Amino acid sequence: LASLLMDTATYGFSITLSCHAKEHLHATYAQLGLLGGLPPLFYSLMCLYSGRLSDRVGSLPPAFASVFLVSATIGAAWFAETFHHLLLAGICMGISIALFWPPIMRKLSRLSPGTALWGALGSFNVYWSIGVGIATIAAPLVYKHLGFHLSLVLALIAALAPVPLLMIRM
């Protein structure tokens with residue numbers, strides 16, 4: 001469930017940034033491509049380090065750091081006035097969420113020994129995929145009807161919602 005909420009938050013945030021960039025900042029298609037492409041690139045590179053970090057310090061510290069950084073990034077985006085501010089927020093989101101997934105997957109592998117791991121990983125992938133689907137469908141509608149700032153508030157709520165779940169499971 002934590003993975004569903006985090007992906008709903010982060011993908012909703014990403015789509016909100018793109019909607020705002022297009023509608024209010026008149027972003028070009030190339031700029032929208034940067035906004036959609038650079039955060040996953042930074043995410044991928046950061047995952048190389050966050051996996052090692054979670055092996056050294058455990059799963060909980062990086063996962064909580066991620067929730068804090070994701071929330072701070074959403075809060076900072078509130079003040080974005082230029083495309084470059086949005087791009088920086090997107091890149092920060094990519095880096096921030098990279099501190100979540102490898103530690104969560106590490107913890108999942110520790111909680112699900114043997115053949116139970118395959119079922120746990122399958123469920124994990126179903127949940128985060130549902131989060132992506134929800135965000136992809138809902139974020140443009142939320143943005144259209146509630147605007148940029150309220151969209152960020154909803155993303156922030158979704159980003160903070162996993163905290164109790166992490167405390168229980170980790």
Side-chain angles (χ1 to χ4, degrees), residues 1-47 50 63 66-105 108 119-166 168-169:
L1 188 55
S3 61
L4 182 147
L5 293 166
M6 278 302 268
D7 266 4
T8 301
T10 58
Y11 276 81
F13 175 78
S14 177
I15 291 168
T16 297
L17 293 185
S18 294
C19 290
H20 190 65
K22 185 68 180 158
E23 186 171 319
H24 290 284
L25 302 176
H26 310 290
T28 66
Y29 292 120
Q31 288 175 316
L32 291 175
L34 285 172
L35 197 54
L38 284 180
L41 176 64
F42 278 85
Y43 161 79
S44 298
L45 294 173
M46 184 63 182
C47 279
S50 66
S66 175
V67 171
F68 171 76
L69 292 170
V70 164
S71 300
T73 298
I74 293 169
W78 184 282
F79 303 101
E81 295 179 357
T82 68
F83 172 77
H84 292 98
H85 292 154
L86 295 180
L87 185 60
L88 181 60
I91 290 169
C92 288
M93 181 61 75
I95 293 168
S96 300
I97 197 64
L99 289 170
F100 190 78
W101 293 121
I104 294 298
M105 290 171 50
L108 185 61
L121 287 174
S123 296
F124 172 78
N125 286 323
V126 166
Y127 282 118
W128 74 254
S129 297
I130 290 171
V132 170
I134 289 169
T136 304
I137 293 167
L141 297 172
V142 170
Y143 180 86
K144 179 181 177 185
H145 295 289
L146 299 179
F148 181 61
H149 292 110
L150 287 178
S151 294
L152 293 178
V153 169
L154 292 177
L156 182 61
I157 291 168
L160 290 172
V163 170
L165 298 171
L166 292 174
I168 292 168
R169 292 291 291 170

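Remember, predicted model here, so these are calculated numbers, not experimental data.
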Rounded at 0.5 Å granularity, tell me how far CD1 in I134 sits from OG in S129.
11.0 Å
Test your reading of the model: is there a side-chain donor-acceptor pair from S66 to the backbone of S96, 3.5 Å cut-off?
yes
Kindly determine whether L150 and L154 satisfy side-chain contact (heavy atoms from CB on, under 4.5 Å), including the steps that lead there.
CA-CA 6 Å; L150 287 178; L154 292 177; 5.8 Å; no
Can a donor-acceptor pair be found, under 3.5 Å and without considering hydrogens, that links the side chain of S14 to the backbone of T10?
no
Give me the atom names and distance for the closest heavy-atom approach of S71 to A159.
OG-CB, 4.2 Å
Is it the case that more than 12 heavy atoms not belonging to F148 sit under 6.0 Å from its CZ atom?
yes
How far apart are the closest heavy atoms of G12 and A135, and which atoms are they?
N-CB, 3.3 Å
Measure the CE-CH2 distance between M105 and W128 for me, rounded to the nearest 0.5 Å.
10.0 Å
Quick one: does H85's side chain have a donor or acceptor within less than 3.5 Å of a partner on T82's backbone?
yes
Least distance between heavy atoms, P40 atom then G37 atom:
CD-O, 3.2 Å
Can you see which heavy atom on A89 is nearest to which on A77, and at what distance?
CB-CB, 4.2 Å
Roughly how far, to the nearest 0.5 Å, is CG of L41 from CD1 of I95?
10.0 Å
Return the minimal non-hydrogen interatomic distance between A98 and P103, and the atom names on each side.
O-CD, 4.4 Å
Stepwise side-chain contact (heavy atoms from CB on, under 4.5 Å) test for V70 and I97:
CA-CA 7 Å; V70 164; I97 197 64; 4.2 Å; yes
Quick one: pull up OH in Y11 and OG1 in T16 and give me the separation to the nearest 0.5 Å.
14.0 Å
So CG of L87 and CG of L32: to nearest 0.5 Å the spacing works out to 11.0 Å
Is it the case that the side chain of S3 and the backbone of Y127 share a donor-acceptor pair, with hydrogens and angles ignored and the cut-off at 3.5 Å?
no
Could you go through the side-chain contact (heavy atoms from CB on, under 4.5 Å) check for F83 and T28 one step at a time?
CA-CA 10 Å; F83 172 77; T28 66; over 6 Å; no
Using a 3.5 Å distance criterion without hydrogens, assess whether the side chain of H149 forms a donor-acceptor pair with backbone atoms of W78.
yes
Less than 4.5 Å apart, any side-chain heavy atom of V153 and any of I157?
yes
May I ask you to check whether F124 and W101 place their ring centers less than 6.0 Å from one another?
yes
As an exercise, state the distance from CE of M6 to OG1 of T8, rounded to the nearest 0.5 Å.
10.5 Å
Atom NE2 of residue position H24 - does it have more than 12 heavy atoms of other residues, nucleotides or ligands inside 6.0 Å?
yes
Validation row: P140, I15 side chains within 4.5 angstrom (heavy atoms):
yes
Locate the shortest heavy-atom distance separating H26 from Q31; write the atom from each residue and the value.
O-OE1, 4.4 Å
Can you list the steps and then say if L152 with L156 is a side-chain contact (heavy atoms from CB on, under 4.5 Å)?
CA-CA 6 Å; L152 293 178; L156 182 61; over 6 Å; no
